Each structure stands twice: as structure tokens, then as C-alpha cells.
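Heads up, the thing below is written out as C-alpha cells.
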Amino acid sequence: MESTLYSIRMHATRLDTHLSGAEALVSETELKRAAADLVERALGHSKGKAHSIRISIDDLTDTEVVRGRLPDLVTVPVADYLDGRQAAAKLLRWAGVSNFAITRSMEDLGRGAAPGNKAMRGAMLVDAVSGERLEPDTSRGVRVSRLGLTPATTDALRSALQTLGLDNDHVREALALAGKVLASGQVLAELCWSDDPDYTAGYVAAPGLGYVRFPHLKPLGEDRGGRAFFVPPALRDLTSLIFFLQETPWLADGLGHLHPPIALETLRELLDRRA
Ligand code: AMP
């Protein structure tokens with residue numbers, strides 16, 4: 001019989017504002033170590049030491065844990081963030097998102113999608129055709145939570161990412177998050193760039209495409225960023241999608257293919273050939 005899994009989540013603040021958040025799904029034997037790692041992370045943040053750290057742990061004995069594979073990953077080199085956004089727009093269109101929804105969402109992410117032009121804590125839910133915002137709370141957005149990787153998957157991912165020079169928290173966590181979003185089966189595509197001013201990379205993820213990373217989706221020093229999950233207009237049951245993203249535990253127990261960088265045109269030819 002499998003040992004019980006626990007969801008462990010950390011949220012740290014400094015000067016009463018969000019500093020760091022991270023989480024994992026672990027067995028009882030891994031729990032203490034995971035807690036220590038999360039505390040270390042909150043205390044060692046590049047923006048300074050946390051003033052307050054909250055750790056919550058939930059036993060998942062009576063909760064169904066969905067398992068799945070991480071998405072394939074590839075980097076598409078781009079010259080700068082404008083080139084990156086054009087390339088991202090092409091892939092979003094391939095995934096079925098309208099021009100209007102793409103432009104509107106990129107504008108929202110660029111200026112801060114929460115009221116008062118602040119960065120959101122979670123993601124926007126966007127109608128892929130009309131571009132309409134569908135998330136119930138526009139300042140919090142939808143927070144994808146309760147996700148993690150098995151220890152063997154973490155080890156395999158780290159060594160595969162190392163060979164690509166990409167083994168960092170940003171990439172590992174974003175890949176897992178995109179994996180859970182795609183596992184919902186109800187999202188046509190995801191667009192993300194970070195609100196961390198030092199981190200300019202971002203990605204588009206979609207079923208049949210995987211996770212496509214662009215080294216530049218925003219200018220260096222910009223502290224606005226966010227995520228958009230594009231859903232088909234016919235999707236009426238937002239509640240079950242939001243419940244899956246926020247509440248259903250999702251554990252990655254295998255890797256996708258991790259490819260070396262590829263030019264956008266080559267990627268598009270591969271996609272066209274597969275269609
Ligand atoms: P990060 O990749 O952590 O820099 O986050 C970039 C943006 O993605 C944040 O500004 C949030 O808008 C959004 N975000 C971060 N974490 C989550 C999450 N767990 N679920 C949904 N959106 C998130």
C-alpha cells in the first residue's frame with residue numbers, strides 16, 4: 001500500500017507584502033525535510049529575509065490524488081521581449097486563441113491585471129475568443145495549488161534541466177504548474193511571464209504543444225507579470241475547473257521530452273506536419 005501523501009505549502013511576507021510562496025506533495029518521511037527546505041527558501045530570498053512565514057500541512061489520506069506526466073519542454077530563442085511576445089502570440093493562435101484575446105491579455109499582464117494595475121496573485125481566466133475575463137476575483141485570480149513531483153521525477157527533471165542550463169526554481173515550478181493546468185483538460189493554452197524584475201523569461205503551454213519557453217517576454221526591471229489561462233467559450237462549468245486547479249492534488253510522476261532550443265519556424269513546421 002502507498003504511504004500517505006501530505007500537501008505542504010509555504011507563504012512568506014516581508015514588510016506586509018508577499019515575498020515568496022512554494023509547495024510540494026510529499027510522503028511522511030519527506031515531510032520534515034520539505035518543511036526545512038521551505039523555511040530556508042523564505043529566509044534566503046533575493047529580496048530579503050521573510051518577516052513572517054506560514055507553513056500549512058494537510059494530510060491527503062481521504063483525497064484522490066491525480067497523477068500525470070510533466071509537459072514536454074523546449075526553448076525558442078527570441079531577440080527581445082517584443083520578438084518574444086510576437087512568437088508567443090503565434091503559438092497562442094495555433095492553440096485556438098483569438099487575436100483579440102491575445103492582445104487584450106498581453107496588455108493586462110503588461111500593466112498589472114489586478115485592480116489598481118497591480119500584479120495578480122493568481123491567474124486570469126480568459127475566454128479564448130471574446131477575451132472576456134472570467135475569474136471570480138480579479139485581484140486574487142485563480143491560484144493553482146496542491147501540486148508536486150515525486151522524488152524520482154524531481155531528480156530526473158533536475159539532471160535533464162542541468163544539461164540544458166535550466167535547472168532553477170522558476171523553470172521547475174512553472175513546468176509543474178503548467179502540467180497541472182494542462183491536466184485539467186479544459187484549458188486551451190496558458191501564457192505566463194514573471195513579476196520578478198530580474199526574470200524576463202516566460203512561456204506558452206498548450207495541449208499538443210507542451211511548454212514553450214521564451215527567454216524574453218518582458219523587459220528587464222519590469223515588475224508586472226502574471227498568468228492567463230485561456231478557456232474555450234463553450235466552457236460553462238468554470239466552478240469545476242477552478243476546483244481542480246485549486247484543490248485537487250496533482251502529482252507529476254514522469255517527465256516529458258526536454259528538447260534543445262529550436263527556432264520558431266522549425267517548431268511551427270513540426271506542428272503543421274503533425275496536424
Ligand atoms: P511567478 O512565475 O511566480 O513569477 O509568477 C508570475 C505570475 O503568475 C504572478 O504574478 C501571478 O500572477 C501568477 N501566479 C504565481 N503563482 C501562481 C499560482 N500558483 N497559480 C496561478 N497563478 C500564479
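Indexing begins at 1, ligand by ligand and atom by atom, following the structure's order. The figures that follow rest on heavy atoms only: side chains count, while hydrogens, waters and symmetry mates do not. In this text, all values refer to a predicted model and were calculated from it rather than measured experimentally.
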Problem - Val142 to ligand 1, any heavy atom closer than 4.0 Å - result: yes
Exercise for the section: Starting at CE of Met120, measure out to CG of Asp137 and round the result to the nearest 0.5 Å. Expected result: 7.5 Å
With only distance considered, is [X] within less than 3.5 Å of ligand 1 through an N or O on each side?
| X | value |
| --- | --- |
| His170 | no |
| Met120 | yes |
| Asp196 | no |
| Gly122 | yes |
| Val144 | yes |
| Trp193 | no |

Looking only at protein heavy atoms, which one is nearest to [atom], and what is the separation?
| atom | value |
| --- | --- |
| atom 3 (O) of ligand 1 | Arg227 NH1, 4.4 Å |
| atom 10 (O) of ligand 1 | Asp195 OD2, 3.0 Å |
| atom 4 (O) of ligand 1 | Ser194 OG, 2.7 Å |
| atom 16 (N) of ligand 1 | Arg143 NH1, 3.2 Å |
| atom 7 (C) of ligand 1 | Gly226 CA, 3.4 Å |

Problem - Any donor-acceptor N/O pair, Asp167 side chain to Leu161 backbone, under 3.5 Å - result: no
Problem - Short side-chain donor-acceptor distance under 3.5 Å, Tyr6 and Glu30 - result: no
Practice task
Verify whether one side chain among Arg9 and Ser145 offers a donor that lies under 3.5 Å from an acceptor in the other.
Solution key: yes
Check [Y] with [X], please: is the shortest side-chain N to carboxylate O separation under 4.0 Å?
| X | Y | value |
| --- | --- | --- |
| Arg33 | Asp37 | yes |
| Glu173 | Arg41 | yes |
| Glu190 | Arg227 | yes |

Practice task
Would you please name every residue forming a side-chain contact (heavy atoms from CB on, under 4.5 Å) with Arg93, sequence neighbours left out?
Solution key: Ala89, Lys90, Asn99, Ile102
Exercise for the section: Identify the two heavy atoms, one from Leu245 and one from Ser184, that lie closest to each other, and give their separation to 0.1 Å. Expected result: CD2-CB, 4.4 Å
Fill in the blank from the handout: Honestly, for Glu173 the part within reach of ligand 1 (heavy atoms, under 4.0 Å) is neither
